[in-house]
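Note: hydrogens, waters and symmetry copies are ignored here, and every other heavy atom, side chains too, is used.
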Amino acid sequence: MKLREKLEEQSNPKKAKLLQRFFKTGKGEYGEGDVFLGISVPETRKIAKEFCNIKLEEIQNSLNSEIHEERLAALLVLIEKMKKSDEKEKIFNLYLKNAKNNRINNWDLVDLSAPRIVGGFLLDKDRKILYGLVKGNLWERRISALACFAFIKEKDFSDALKISEILLKDKHDLMHKAVGWMLREIGKRDKQELEKFLKKNYKIMPRTMLRYSIEKFSDKERKAYLSGEV
């Protein structure tokens, strides 16, 4: 049985309608045209584990699919392959090609895969490629930010802070949330590093980005930043 057939067995039309709205698939929205089967992430993850031995060519076929959960399952298979495969560079390049071609094209797809596939691969390598991604389409920009979570976990904040600064003037709300989330994670590990960044930039940060980044601060500190009195 193929991956799509297995997923279609678990389809839930009622839930699919809810997901279509949640992931903004209407005309002009960021997920325009995306098709859902109505399968939860845990269910998709369970199915993906059954297909961890499929070849990269088959994964590419699934990434070409119009079905959201099929693309998600393909990415989950790639994550598993990255853990033990000797094809890590091929997987990394395949991922970037599909990011450029807009096949990794919703926030859940990016958020589940970019830290492990892109960030994980670049942990011990030159990260120049992230500075190309940050100038790309919406999903490439989000990948550049989310990849940095792998570095943040190792208390390596340099690239995350540089990319955050580049994205300060990004117009998309999904990027405001992603950068704010990234900054918050830095602050959980090194509050002084976050405060240094905020004091330089908080007055020009989008409000959503600022709110996310100071989420773990005290009420008094949050009010000071939000009122511009730091």
Side-chain angles (χ1 to χ4, degrees), residues 1-85 87-121 129 132-133 136-147 149 172 174-175 178:
M1 182 178 286
K2 293 186 177 181
L3 177 56
R4 180 183 290 204
E5 293 170 349
K6 185 73 174 181
L7 289 164
E8 286 176 339
E9 280 187 350
Q10 303 300 317
S11 64
N12 182 331
K14 187 176 179 180
K15 189 171 181 180
K17 286 184 180 180
L18 294 174
L19 291 173
Q20 300 253 165
R21 289 197 294 271
F22 182 72
F23 284 99
K24 308 291 185 185
T25 63
K27 188 169 178 59
E29 295 182 309
Y30 62 73
E32 181 178 352
D34 216 351
V35 176
F36 284 80
L37 294 175
I39 309 172
S40 70
V41 172
E43 289 172 326
T44 306
R45 196 184 297 277
K46 185 177 179 181
I47 292 169
K49 285 185 178 178
E50 298 178 29
F51 289 84
C52 285
N53 293 323
I54 62 175
K55 295 180 179 179
L56 295 184
E57 291 79 6
E58 294 175 77
I59 293 173
Q60 180 62 69
N61 289 337
S62 288
L63 288 171
N64 290 336
S65 172
E66 74 281 5
I67 297 171
H68 185 95
E69 291 94 341
E70 186 174 0
R71 298 198 306 282
L72 174 57
L75 293 170
L76 291 171
V77 172
L78 284 180
I79 289 169
E80 289 302 311
K81 284 184 174 293
M82 282 293 279
K83 294 177 183 178
K84 51 196 173 184
S85 174
E87 296 184 301
K88 287 183 171 62
E89 188 167 1
K90 282 186 179 178
I91 292 168
F92 175 75
N93 289 330
L94 177 72
Y95 185 92
L96 293 183
K97 181 184 81 172
N98 281 277
K100 186 173 184 62
N101 293 338
N102 218 29
R103 303 314 303 151
I104 305 167
N105 56 351
N106 218 309
W107 57 264
D108 62 322
L109 303 180
V110 171
D111 295 5
L112 284 167
S113 61
R116 296 193 181 189
I117 295 176
V118 180
F121 182 77
I129 196 163
L133 289 171
N137 65 47
L138 170 61
W139 307 117
E140 288 178 300
R141 302 199 306 276
R142 192 162 173 113
I143 286 167
S144 73
L146 268 290
F149 279 75
H172 207 291
L174 284 176
M175 293 311 305

What residues form a side chain to side chain contact (heavy atoms under 4.5 Å, CB included) with [X], not counting sequence neighbours?
X    : result
A147 : V118, L130
Q10  : I39, I47
S40  : K15, P42, E43
I129 : F92, L96, L122

Which pairs with one or both residues in [range] pass salt bridge (Lys or Arg N to Asp or Glu O under 4.0 Å), sequence neighbours excluded?
range            : value
residues 138-147 : D111-R142, R141-D170
residues 99-109  : none
residues 45-64   : K6-E50
residues 65-75   : R4-E66, R4-E70, D34-R71

Test item: [X] and [Y] side chains (from C-beta on) under 4.5 Å apart, heavy atoms:
X    : Y    : value
V110 : N105 : no
L37  : I67  : yes
L112 : L75  : no
N106 : W139 : yes
E87  : L94  : no
N137 : N102 : yes

Straight-line distance of [X] [atom1] to [Y] [atom2], nearest 0.5 Å:
X    : Y    : atom1 : atom2 : value
I104 : I143 : CD1   : CD1   : 5.0 Å
L76  : L3   : CG    : CG    : 10.0 Å
C52  : I79  : SG    : CD1   : 10.0 Å
L78  : L63  : CG    : CG    : 6.5 Å
I117 : M82  : CD1   : CE    : 6.5 Å
L146 : L109 : CG    : CG    : 11.5 Å

Revision key, fill the gap. In short, V77 meets A48 closest at the heavy-atom pair CG2-O, 3.6 Å
**Study point:** Heavy-atom closest contact (G38 atom, N12 atom, distance)
**Key:** O-CB, 3.4 Å
Review point. Taking the side chain from K24 and the backbone from E32, do they hold a donor-acceptor pair closer than 3.5 Å?
Key: no
Check your understanding: With sequence neighbours excluded, what pairs up with E80 under the salt bridge (Lys or Arg N to Asp or Glu O under 4.0 Å) test?
Key -> K83
Practice item. Assess whether side-chain contact (heavy atoms from CB on, under 4.5 Å) is satisfied between F121 and R116, documenting all intermediate values. Key: CA-CA 7 Å; F121 182 77; R116 296 193 181 189; over 6 Å; no
**Study point:** side-chain contact (heavy atoms from CB on, under 4.5 Å) assessment of L18 paired with K14
**Key:** CA-CA 7 Å; L18 294 174; K14 187 176 179 180; 5.5 Å; no
Exercise for review: Answer with yes or no whether the side chains of W107 and Y30 bring together a donor and an acceptor at under 3.5 Å.
Suggested key: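 Checked: Y30/W107 side chains pair up, N/O donor to acceptor below 3.5 Å.
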Check your understanding: Of all residues at least two apart in sequence or in a different chain, which pass the side-chain hydrogen bond (donor to acceptor under 3.5 Å, both in side chains) check with N64?
Key -> Q60
Review point. Does anything in residues 41-77 pair up under ring pair (Phe, Tyr, Trp, His ring centres under 6.0 Å), and if so which pairs, sequence neighbours excluded?
Key: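 Checked against ring pair (Phe, Tyr, Trp, His ring centres under 6.0 Å) - neighbours excluded - the pairs reaching residues 41-77 are F23-H68, F36-H68.
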